[in-house]
Amino acid sequence: MIAKEKAQVVYRKLDEKCLQQFGFHLKDVTFTKIVDYMYAPKDSSSLAVTRILFGLAMLFDIPDERGGASMVQRWGNPKICHFPLVPILQPIPLPYMALVYAALWFGALGIMLGYHYTIAAPMFTICYWYLFLIEKSYWNNHSYLFGLVALLISCTEANCYWSLDTKLQYTKKKSTVPYWNYFILKYQFFILYFMAGMKKGTAEWLTGYSVQNLSEHWVFDPFKYFLTVPQTDYIVVHWFVFIFDLTVAIWMMCAYTRHVAMVFCGLFHLMNSRLFRIGMFPWVCLATMPLYYPFDWPKRIASYTKTHYICIKNYISSKVTELIHNYIYLSSVTCGAKDAKDYNEVQSENLKDNTNELIKGTKYDNIKEIPKTKEVIENRDATTTMQQKELPEMKDVGTDTDANDDSQKKKRTIYLIALYVLLQAFLPFSHFITKGYNNWTNGLYGYSWDMMVHTWDSSSLVVKVIDNNSKAEVYIDSQHNTPNDRWSRHGDMIYQYAQCLKENIEMHSSETNSDDPSQFTNKNISIYVDIWCSMNGRFFQRMFDSKVDLLKASWTPFSKVSYLMPLLDEGKDWRKNLDVISNEVHSWSNNSDVVFFADFPGYDQEKYIPPDFTNVTLTILEGTVAYEPEILENRIGQSYKLTSREHIKVPSGTLHKVLNIGENPAFYMYTFFNETENNIEKDLPKMMSYNLDITPNYSYIFDFESEFIHSNYRKWMTENWTVAFYYVGVYMAFIFGGQYYMQNRPRFELRRTLMIWNCSLAAFSIMGACRTLPEFIHVLRNYGIYHSICVPSFIEQDKVSGFWTWMFVLSKLPELGDTVFIVLRKKPLIFLHWYHHITVLLYTWYSFTEYTSSARWFVVMNYCVHSVMYSYYALVSMGKYPPKMLAMTITFLQLSQMIVGCAINIWAHNYMTSSNQHSCHISQINIKLSMAMYFSYFVLFAQFFYKAYLSPKTNKKAKIEPIPDVPIKKNNYNNGYPRQRNGVVAH
């Protein structure tokens, strides 16, 4: 009885949800009701936005992942092996392939603009799928998803709103579309998220062996304040992402959790865009996230924006009109018109008289009075009734037939949608059918839900061709005539590669080259591959049977790959020990390393040890092997039997074989010392100290300064400087959003916080000035103006100055916090303030990637000015107000800084044009950006200086005044102080 009651409760809740969502009870569900629900009209604006953003993303995708920018490399060489999914589909020659890309690009543009959409969308879809199907080696985990979205969006009415088709009246504008237009897209991305979670629900993922050490990336730095790297890997990367993928689509569909889910989902995709090279995939997902919001969200935002724009416009207009009226009125009083009528009344009467004169004599002059509304309605109703009586009764014979046809069409559409839904739900589990595409993992590769579920490492790839008549052997470069190396991990593509290689040999058999397989003059050849891979941190092992002639092997999509070697799960027990051993070996030296291998009974591995690898030791972990060194003139052939825990030294620069002579798999490892890395590490100080006199004689150097390696930070900034644009976007959103949020709320005082903030920045700026100024003076005194402008030794050779230059670049991000105080304290925010913060952040991050030599001047000047400026702010925030002359001096220093900055850029330009182009380490684009930036600062600061200190003062309280952090006596500080971080300083 209890179970029955619980079931009834669950049924009632489901019935309530069904009624709430679909408008009918569970017991009333019929196919007709489902059809009606799927065809319920929904606002079309959200679908239009999705169409625009998807088309835009595809315009960026075409030159990148589709290869539009590298067509010649992809399709120009007829010898390159391609890997089509369907053999009947082959790449067309390059001149015609350019037409495919042109059609693809115009199709994406048509989707974005909604122009000739019924042609552009199918054209894009067909071209995309053609490129997708003719080359599997370029597949990424999201490639098929873009094709599906293009197919789905082509079938919708996404062009009926906000499109050129409606603007040009090619298509009728519709404010609504059937709900299935949204449902099919939302379902596609629901499957994407949900199945990604399902695929991660394996022991490999949940135990933390997949994508190891991912949390070392900088995007996980916030977690490192309270978690270690292994803890972040396990808790955040594996368990949180597993739960997130499994449930995020459900949270986005629920109104109560939608906003929070959207924030997490947005951050997740932004992190992925930084972590992986996955093209436009994160951006397409971000573009489709709003589909889960109410259908009319774009109209709501547009209406909200328009309303506030009109309010602001009217407010500005009224203020301008008021100022003009006041000015004219005051002018008339000054001229002696004291006894005239009130100015506003005169203007009103004149306007009325002028209007009457304009109307007089026109067709509007004799317009009669409009009848009352009630009379108009009565006359209209009477006329309509008479017309209806006069018309004979007519029956629309075709109405029933048209309605029936329309109903059948709707049902067929829903049948197709249901079929598509079932197919997408089935695909993740279809690997029992497509067995030919399985390797160590099941399923046809290239699905979005498989992204980064497994981590692959490759150790070696050997391709050997044997002439069966002459027994000659030739080893082929695995990268020769192949687009990339992805083919080496998939049995179907290895089979295709062997067939392609054979065709190339036969085609060019007339050529003779000892290093080329085309030397073979007969068709009786064999092709073998020996590929060693590691999955999720396991031992490296051979993936395919190196004893199988691929030309004699068979492959079909529906049968297992006969030459695929099984994954050696016997080595799973070693996994924890492998980490312990690796840590121990890495602790020996910065250049010591270890590699783990496993092999099957009866197989051997031939390896070559490079000369740069020294102290190489082969250690057997488990099993029995025979070690055979290379036969040389001074060494006779011999072999050594090794068992568990035995080891042997391996000479560098020689070949050797390791044969598994036991009955079970053998597990062994190589430990070695990389002499190349050691030499680089030893020579690095020499390379960096080619002129030690450049560095001044510091009295003391801190450890964090001496450990600064500029190349590491330059590499990071080169890869990530564009992230500054995201920070700028968040910053701008906070400025205007924060001001709107605070307009009807009381201001925050934040006096103590502001004091700490200013003191911290002042201390930082003083320290930076003290550490960079000695190098600047030393170079200027001993090497002259040219070296100070054109040689970046302050970063490349001076670790102290280099470290504080790096700190200067990074400090431009937290300095955005100045604006937070202005917004929260409801202080006026002028254009100069936020414009300066944004441009400095972007310019400094970009310039660090180039090691802009003139930055020596910019850094030192900025540190020095900020030392005075933030010290002044610190005093003001404490309630100590310095003389007005100090505020003027700060603004004057800022103006001087802008003048010097412009002069340095002109100087650098003259050096570059008058001598060798490379004699000055600064690019022309950097000079132009810096010049434009400094000149604009000069104009804005000069304008501020004039208004603050030189313009005539009226009787009103001056607009420029210190922030009242503490009560101020009105008689003492009435004007003259610059408002904090409001232009004079926020720099």
Contact list for residues 89-101, test side chain to side chain donor-acceptor pair (under 3.5 Å), sequence neighbours left out: W75-Y101
Return yes if a side-chain donor-acceptor contact under 3.5 Å exists between W205 and S210, otherwise no. no
When you compare the side chains of N439 and T441, does any donor N or O come within less than 3.5 Å of an acceptor on the partner? yes
Does one side chain, of W139 or S143, offer a donor that lies under 3.5 Å from an acceptor on the other? no
Here's a test for you: under ring pair (Phe, Tyr, Trp, His ring centres under 6.0 Å), which of F281, W283, F132, F189 qualifies with H142? F281
Polar side chain donor-acceptor pair, T202 to E204, under 3.5 angstrom: no
So, R51 side chain and I153 main chain: donor-acceptor pair closer than 3.5 Å or not? no
Hey, are Q496 and H82 close enough side-chain-wise for a donor-acceptor pair under 3.5 Å? no
With Y138 via ring-ring contact (aromatic ring centres under 6.0 Å, His included) - residues at least two apart: none
Which pairs with one or both residues in residues 173-183 pass side chain to side chain donor-acceptor pair (under 3.5 Å), sequence neighbours excluded? E157-K174
How close do S44 and Y161 get, counting heavy atoms only, and between which atoms? OG-CB, 3.4 Å
On a heavy-atom basis, which atom in H259 and which in Y293 lie closest, and how many Å separate them? ND1-OH, 3.1 Å
Quick one: are the C285 and C265 sulfurs under 2.5 Å apart? no
Assess K136 against F83: is NZ or CZ under 6.0 Å from the centre of the six-membered ring, and within 45 degrees of the ring's axis? no
One pair to check against side-chain contact (heavy atoms from CB on, under 4.5 Å): W487 and H490. What are the steps and the verdict? CA-CA 6 Å; W487 61 271; H490 303 282; over 6 Å; no
Flag for W218-N720: side-chain donor and acceptor within less than 3.5 Å: yes
Give a yes or no answer on whether the side chain of W129 reaches the backbone of G147 with a donor-acceptor pair at less than 3.5 Å. yes
